[in-house]
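What follows is a single structure, written as structure tokens, with notes after it.
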There are 2 protein chains.
Amino acid sequence: MKIALTKTVVLYGLFLAGLSYLLALIKFKFLLRELSVEFYVGVVTIVFTALGVWMGSRLVRKKRGPVEQFVMNESARDHLGITAREIEVLALMSAGHSNEEIARQLFLSLHTVKSHVSHILFKLDVSRRTQAVEKARSLHLIPKSGSSLV
Amino acid sequence: MKIALTKTVVLYGLFLAGLSYLLALIKFKFLLRELSVEFYVGVVTIVFTALGVWMGSRLVRKKRGPVEQFVMNESARDHLGITAREIEVLALMSAGHSNEEIARQLFLSLHTVKSHVSHILFKLDVSRRTQAVEKARSLHLIPKSGSSLV
DNA sequence: GCGTGAATCATACTTTGGAGTGATGCCCCC
DNA sequence: GGGGGCATCACTCCAAAGTATGATTCACGC
């Protein structure tokens, strides 16, 4: 991010340098052959509008970056009284793991996982794990798709 | 969309008109008091860069619109041989509905729904409905969260 | 030091999900 | 007109999910 920004600035500087050289050339011509100021300004106008469009696109693209980092909605979590362990289970549930797989991955017994899942369902006020995953996602308790918490 | 674009063009035209008036003024001054061409060009440069940035932002914002409409990945769907009815069931699954709820909503017997679900799991090469939902989402067979197909 | 709540494990039970297999009616296409 | 794919329904069997209830341990705070 920082490097990319630096690169942009450097590129812009180089571009400006090149452009001033060009301007000097045009100005030289202008003095010699009485080229109109309008033409001169027209070139500058077009070039800098284009440059601005390019910069604008880059800026916006960077701002709404393609990464879209996940940030936990801690207030919702605390409000519902969902514990850290339950979030862990929730994340594994959302990845489509079975209770037994979750038990193995977290070094728990199947009973414990079922207990956690029950609490999750109760706290989220749903009755099925798929609903729990949906709700947890919409509450930003777990990332969208394709990410991991660990 | 088209209206907004037209509006942008009109605004741009008005802006240019205003600017040429400004330029004429500046030029007048330039002739009178020998203001340097560099100053003249500098102003134009800055103004049009800013204008370009503004236009660039608008263009990009429009292109990646704030709605982020869902478009079905038909090639993936066809390649996997998933039928329209299966997509319907998949959408209801993704909302966290049980087989029986799906049966009621689609006026089917529980058996039929189970049959559809089995086919979905087979075609998506998964063994649990939560995984199926995950995979279907990542393949853009169903919308992200909080939308509906109907 | 005692209550509270989280995390863990447990047993017994009901409900739901999923595999396997097969049947029927329908439509499309060669 | 027969084969193939789809949608529908059916039955069995087993696995997984979820409910209910309760026990134990540990940490934290008043």
Side-chain angles (χ1 to χ4, degrees), chain A residues 72-137 139 141-142 149-150, chain B residues 72 74-137 141-142 149-150:
Chain A
M72 159 86 68
N73 180 356
E74 300 191 11
S75 86
R77 184 197 57 188
D78 297 345
H79 182 255
L80 294 172
I82 295 178
T83 68
R85 197 57 159 167
E86 284 160 0
I87 293 284
E88 279 186 85
V89 173
L90 206 35
L92 291 171
M93 274 170 64
S94 80
H97 293 293
S98 68
N99 286 342
E100 198 175 341
E101 285 173 338
I102 298 175
R104 271 203 299 276
Q105 289 193 41
L106 297 182
F107 303 103
L108 297 177
S109 83
L110 178 58
H111 307 289
T112 310
V113 174
K114 282 185 167 194
S115 170
H116 285 311
V117 172
S118 285
H119 289 150
I120 292 168
L121 296 182
F122 175 75
K123 290 174 181 174
L124 286 179
D125 189 30
V126 295
S127 53
R128 271 177 295 282
R129 53 172 50 218
T130 38
Q131 286 181 319
V133 170
E134 271 297 293
K135 194 153 187 177
R137 265 201 238 285
L139 290 174
L141 298 175
I142 51 176
L149 266 180
V150 191
Chain B
M72 158 87 67
E74 300 190 10
S75 87
R77 185 197 57 187
D78 296 345
H79 181 254
L80 293 172
I82 296 178
T83 69
R85 197 56 158 167
E86 284 160 1
I87 294 283
E88 278 187 84
V89 173
L90 207 34
L92 290 171
M93 275 169 64
S94 80
H97 293 295
S98 69
N99 286 341
E100 199 175 343
E101 285 173 338
I102 299 175
R104 271 202 299 277
Q105 291 194 39
L106 297 183
F107 303 103
L108 295 178
S109 84
L110 179 58
H111 306 290
T112 309
V113 174
K114 282 185 166 196
S115 171
H116 285 312
V117 172
S118 284
H119 290 150
I120 292 168
L121 296 181
F122 175 75
K123 289 174 180 174
L124 286 179
D125 190 28
V126 296
S127 52
R128 271 177 293 281
R129 53 171 52 216
T130 38
Q131 288 180 317
V133 171
E134 272 296 293
K135 195 153 185 176
R137 267 202 234 288
L141 298 175
I142 51 177
L149 265 180
V150 192

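All values below come from the heavy atoms of this structure, side chains included, with hydrogens, waters and symmetry mates left out. Every chain is numbered from 1 and lettered A, B, ... according to where its sequence line falls, protein lines coming before strand lines.
For A:Ser109, whose side chain is taken as the heavy atoms from C-beta onward, the closest listed nucleotide among D:dA10, C:dC9, D:dG18 is C:dC9. With D:dC9, D:dT8, C:dA7 as the choices, the nucleotide that has an atom nearest any side-chain atom of A:Arg85 turns out to be C:dA7. Side-chain atoms of A:Arg128 lie closest to C:dG17 of the nucleotides D:dC9, C:dG17, D:dA17.
Residue A:Thr83 places none of its side-chain N or O atoms closer than 4.0 Å to OP1 or OP2 of C:dG5. Between A:Asn99 and D:dA17 there is a side-chain polar atom (N or O) within less than 4.0 angstrom of OP1 or OP2. Proximity of A:Thr112 to the phosphate of C:dC9: a side-chain N or O atom is located under 4.0 Å from OP1 or OP2. In terms of phosphate contacts, A:Arg129 brings a side-chain nitrogen or oxygen within less than 4.0 Å of OP1 or OP2 of D:dG18. For A:His111, no side-chain nitrogen or oxygen approaches OP1 or OP2 of C:dT8 to under 4.0 Å.
Between the NE2 atom of B:His119 and the P atom of D:dG5 there is a distance of 12 Å, given to the nearest Å. Whole-Å rounding puts the B:Met93 CE to C:dT16 C1' distance at 13 Å. Nucleotide C:dT15 holds its C1' atom 10 Å from the NZ atom of B:Lys114, rounded to whole Å. C:dG5 atom P lies 11 Å from atom NZ of A:Lys123, rounded to whole Å. The nearest whole Å value for the distance from the CG atom in A:Leu108 to the P atom in C:dT8 is 5 Å. Taking atom NE2 on B:His116 and atom C1' on D:dT8, their separation rounds to 7 Å, with Å as the unit. In this structure, B:Ile102 atom CD1 and D:dT8 atom P are separated by 13 Å, rounded to whole Å. Distance, A:Ile120 CD1 to C:dA6 P: 13 Å, rounded to whole Å.
Within the nucleic acid shown, A:Ser118 comes within 4.0 Å of at least one base atom, counting heavy atoms only. Across all strands, B:Leu110 comes closer than 4.0 Å to no nucleic acid atom at all (heavy-atom distances).
Residues A:Arg128 and B:Arg129 have side chains not in contact (no heavy-atom distance under 4.5 Å, counting atoms from C-beta outward). Taking the side chain as every heavy atom from C-beta outward, B:His116 and B:Ile102 never approach each other to under 4.5 Å. Side-chain contact between A:Leu106 and A:Arg85 is present, with heavy atoms from C-beta onward closer than 4.5 Å.
Where B:Ser115 and B:His97 meet DNA chain C, the nucleotide closest to each residue was compared, and B:His97 sits on the side nearer the 5' end.
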message: If you apply the rule side chain to side chain contact (heavy atoms under 4.5 Å, CB included), what do you find for B:Leu80 with B:Asp125, and how did you get there?
response: CA-CA 10 Å; B:Leu80 293 172; B:Asp125 190 28; over 6 Å; no

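Of the charged side-chain nitrogens involved, at least one lies within less than 4.0 Å of a carboxylate oxygen, so that B:Arg137 and A:Glu134 count as a salt-bridged pair.
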